[in-house]
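What follows is a single structure, written as structure tokens, with notes after it.
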There are 2 protein chains.
Amino acid sequence: MNDSSSTGGGAVRAPAARSRRRATGRTTLADVAALAGVSPITASRVVAGKTTVRPELAERVRAAVEHLGYRPDPSARALASAKSSHVVVLIPLLSNTLFTELLEAVQDVMWDAGYPIFVGITQYRPEREAALLDSYLSHRPAGLILTGFDRSESQRRLIESSRTPCVHVMELSDDPEVHCVGFSQVGAAQAVARHLLERGRRRIAFVGAQLDPRTLERAEGFRSVLQAAGCHDPRLEILDPRPSSAALGAEVFRRLMAAHPDLDAVFFCNDDLAHGGLLEALRLGVPVPGRVSVVGFNDLPGNAQMLPALSSLRTPRREVGDVAARMLLRLMRGEPVDMPAVDLGFELKVRASS
Amino acid sequence: MNDSSSTGGGAVRAPAARSRRRATGRTTLADVAALAGVSPITASRVVAGKTTVRPELAERVRAAVEHLGYRPDPSARALASAKSSHVVVLIPLLSNTLFTELLEAVQDVMWDAGYPIFVGITQYRPEREAALLDSYLSHRPAGLILTGFDRSESQRRLIESSRTPCVHVMELSDDPEVHCVGFSQVGAAQAVARHLLERGRRRIAFVGAQLDPRTLERAEGFRSVLQAAGCHDPRLEILDPRPSSAALGAEVFRRLMAAHPDLDAVFFCNDDLAHGGLLEALRLGVPVPGRVSVVGFNDLPGNAQMLPALSSLRTPRREVGDVAARMLLRLMRGEPVDMPAVDLGFELKVRASS
DNA sequence: CTGAAAGCGCTTACAG
DNA sequence: CTGAAAGCGCTTACAG
């Protein structure tokens, strides 16, 4: 009941007294200050959570805010302080559960901290990311979360000169100036390769799609281990530029089996590829893991239901999102950060397929 | 080379002449106007794309914008015009490909039109949606895209009173005041039920999870057709409140087969449930479609790879996103919209599983 | 701890 | 078609 008076205030106050007035009808900080009997600056300080206000006054202001249903105007705030109160997150795409889980974790933390997030989809295209960065940076975001490090020198300078706190996710850097949260893509792929070698496999194929930087790092890790074991065959390294999908996994598995009947293991760089491969094995009557071991990557939901259940390298994407968001929050507040690079590791989930 | 002078301008112009000046170093519309030799208002009109400026002046302004690398400040713009230039999209979650595809389509259209989008995840929780709406509306977005109609009267009033152009997606309404783009959830489920009846199935189960409004509408459509055919058995209607997943689909399928050995078809309300069901059938040795037909919903990627390939009802989520975004753009520009409700239909993809 | 003044960068209304 | 003035709602310095 009383609430209605706070929004319908347009008719009550400043009734077209001054002709040039542009009435938006919005409850402003001035309204709050007037009701609390303080100056707008003091009201501003209370609303912004500064502690330099006498408790008694602060209480009066809070009561006024409550009574009027006051909500600060983000635009006015951003204009006056030269800083917006939202966070920008740039990810390659939404069609990989990896990124949606990361995003949800970031959003959970940022929402609690009062920061809405802008999500930009780069589609793994550098020009698209550059355009997004350019556009979003003009909003002067409070913080920035970027996927990986694959960008041009001029973009790095753009970010640098904007002085926007920034955290990179999914990869690690040695540069102490760079803040990042992730795990070793190379190391993760090495763990999978070693696992297959330990299972006695020697003719091991690697299947990567999309060919983004992280996929190439995994290929590198895989290759290094196989070369050291003296069983690396470049013909078993399939790098397909098309986007990752079950259909592609099935297609590649079929081709591999036809060309290399002695194949005894396949490491798919993504679980959806592996699902396709596993189903194709079923279709072809190739026993898994009897004849061929199959391992996926990321360990997205659904692996346990596969036939056989799919072994996969579990990547900590929720944790990455969570830790990265908290780190960014510290940077945004100017608080010290323990370590610029946080390695969250990974875990090989061995199931029936290997 | 020349570009660097536009950003490094802080040292060049207004060198701490007036003491109170807060130097942001940003290139402003005033800089553009000065260089072009026009007033800021004229420059503003050119930048905003108004046609009421003499071509010659407009050209000078555009050249100045180009030369200085001027980018309008969104906050200042929003404050002065009482309108932001971004669009808010509220969806239940990111873990359903349905919504990520819809989102990508919306983003594609809005990006081209120059509107960044804010994405809010409601997690199917009304309180969460209410909080998001409250927060995002305070930014005075240029437009709003909402999933479905399931919200309280007070929220509807909040949206209404904000006068934000709004389009609803995934469901249809009769109300001519309401703008929406979607298809008939009831009709889609009826199509699946009829298809199974035509296949000679009589003991048909329905499996729905999450129990959001659209799932319940599908249950309703399914029920109506089976009742009309005289073969509705309430015990075969499984409505599970847990989130949809392959694991849940597998679990429910196993339970159903154990309790009702005479079952001859299952309609899963989501493809991930159906995938789990199909894999469980393989595991149990239940022939599909020999003994049991299986149909999914949405027709997300990967159905063709399943064993057997999964029949599913294809929903037009990309088209929904695309059409909804274009409709919203028209509303935002105050242009007339042909029809307030656009029904995009659906298509039953019959594959080997039914 | 508190406040009067100025300013953030743009656009709205009003005159010409 | 063009512009001088005022204002959007807040915060930053600067004084007390």
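Residue numbering restarts at 1 for every chain, and letters A, B, ... go by the order of the sequence lines.
In this structure, the CD1 atom of B:Ile41 is 7 Å from the P atom of D:dG3, given to the nearest Å. Between B:Leu29 atom CG and D:dA4 atom P the separation is 14 Å, expressed in whole Å. The CZ atom of B:Arg71 sits 15 Å away from the C1' atom of C:dC10 (whole-angstrom rounding). In this entry the distance linking NZ of B:Lys83 with P of D:dG7 reads 23 Å, nearest Å. Between the CZ atom of A:Arg60 and the P atom of C:dC1 there is a distance of 16 Å, given to the nearest Å. When rounded to the nearest whole Å, the span between NE2 of A:His139 and P of C:dC10 equals 13 Å. In this structure, the CZ atom of A:Arg77 is 19 Å from the P atom of C:dG9, given to the nearest Å. Rounding to whole angstrom units, CZ of residue A:Arg140 and P of C:dC8 are separated by 12 Å.
Remark: A:Leu133 engages A:Leu90, A:Leu137, A:Leu144, A:Leu146, A:Gln155, A:Ile159 in a side-chain contact (heavy atoms from CB on, under 4.5 Å) (not counting sequence neighbours). Scored by the side-chain contact (heavy atoms from CB on, under 4.5 Å) test, B:Arg326 finds B:Val109, B:Asp322 as partners (sequence neighbours excluded).
Between D:dC10, C:dT11, C:dG9, one nucleotide has an atom nearer to the side chain of A:Ala76 than all others, and that is D:dC10. Listed nucleotides C:dG9, C:dC10, D:dC10 differ in distance to A:Leu79; the shortest reach to its side chain belongs to C:dG9. Distance from the side chain of A:Ser39 is smallest for C:dA4 among the nucleotides C:dA4, D:dC10, D:dT2. Distance from the side chain of B:Val38 is smallest to D:dG3 among C:dG3, D:dG3, D:dC1. Side chain of A:Ala80, nearest nucleotide from C:dC10, D:dC1, D:dG9: D:dG9.
A donor and an acceptor atom sit less than 3.5 Å apart, one in the side chain of B:Arg45 and one in the base of D:dG3.
Residues A:Glu319 and A:Val342 have side chains not in contact (no heavy-atom distance under 4.5 Å, counting atoms from C-beta outward).
Counting only residues at least two apart or on different chains, the ring pair (Phe, Tyr, Trp, His ring centres under 6.0 Å) pairs with a member in residues 141-161 of chain A are A:Phe149-A:His168.
In this structure, A:Thr42 reaches the C:dG3 phosphate: one of its side-chain N or O atoms is under 4.0 Å from OP1 or OP2.
Under a 3.5 Å cut-off, the side chain of B:Ser161 and the backbone N or O of B:Arg157 do form a donor-acceptor pair.
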Report all side-chain donor-acceptor pairs from residues 113-126 of chain A shorter than 3.5 Å, counting only partners two or more places apart or in another chain.
unit_1, atom_1, unit_2, atom_2, d
A:Thr122, OG1, A:Ile91, O, 3.4
A:Thr122, OG1, A:Tyr124, N, 3.3

Tabulate below the donor-acceptor pairs under 3.5 Å that side-chain atoms of residues 99-107 of chain A make, not counting sequence neighbours, or state none.
unit_1, atom_1, unit_2, atom_2, d
A:Thr100, OG1, A:Thr97, O, 3.0
A:Glu101, OE1, A:Arg317, NE, 2.8
A:Glu101, OE1, A:Arg317, NH2, 3.2
A:Glu104, OE1, A:Arg318, NH2, 3.3
A:Glu104, OE2, B:Leu94, N, 3.4

For DNA chain D, please output the secondary structure as dot-bracket, reading 5' to 3'. Pairs are Watson-Crick or G-U wobble, both atom distances under 3.5 Å; mark crossing pairs with [ ], other-strand partners with |, unpaired with a dot.
|||.||||||||.|||

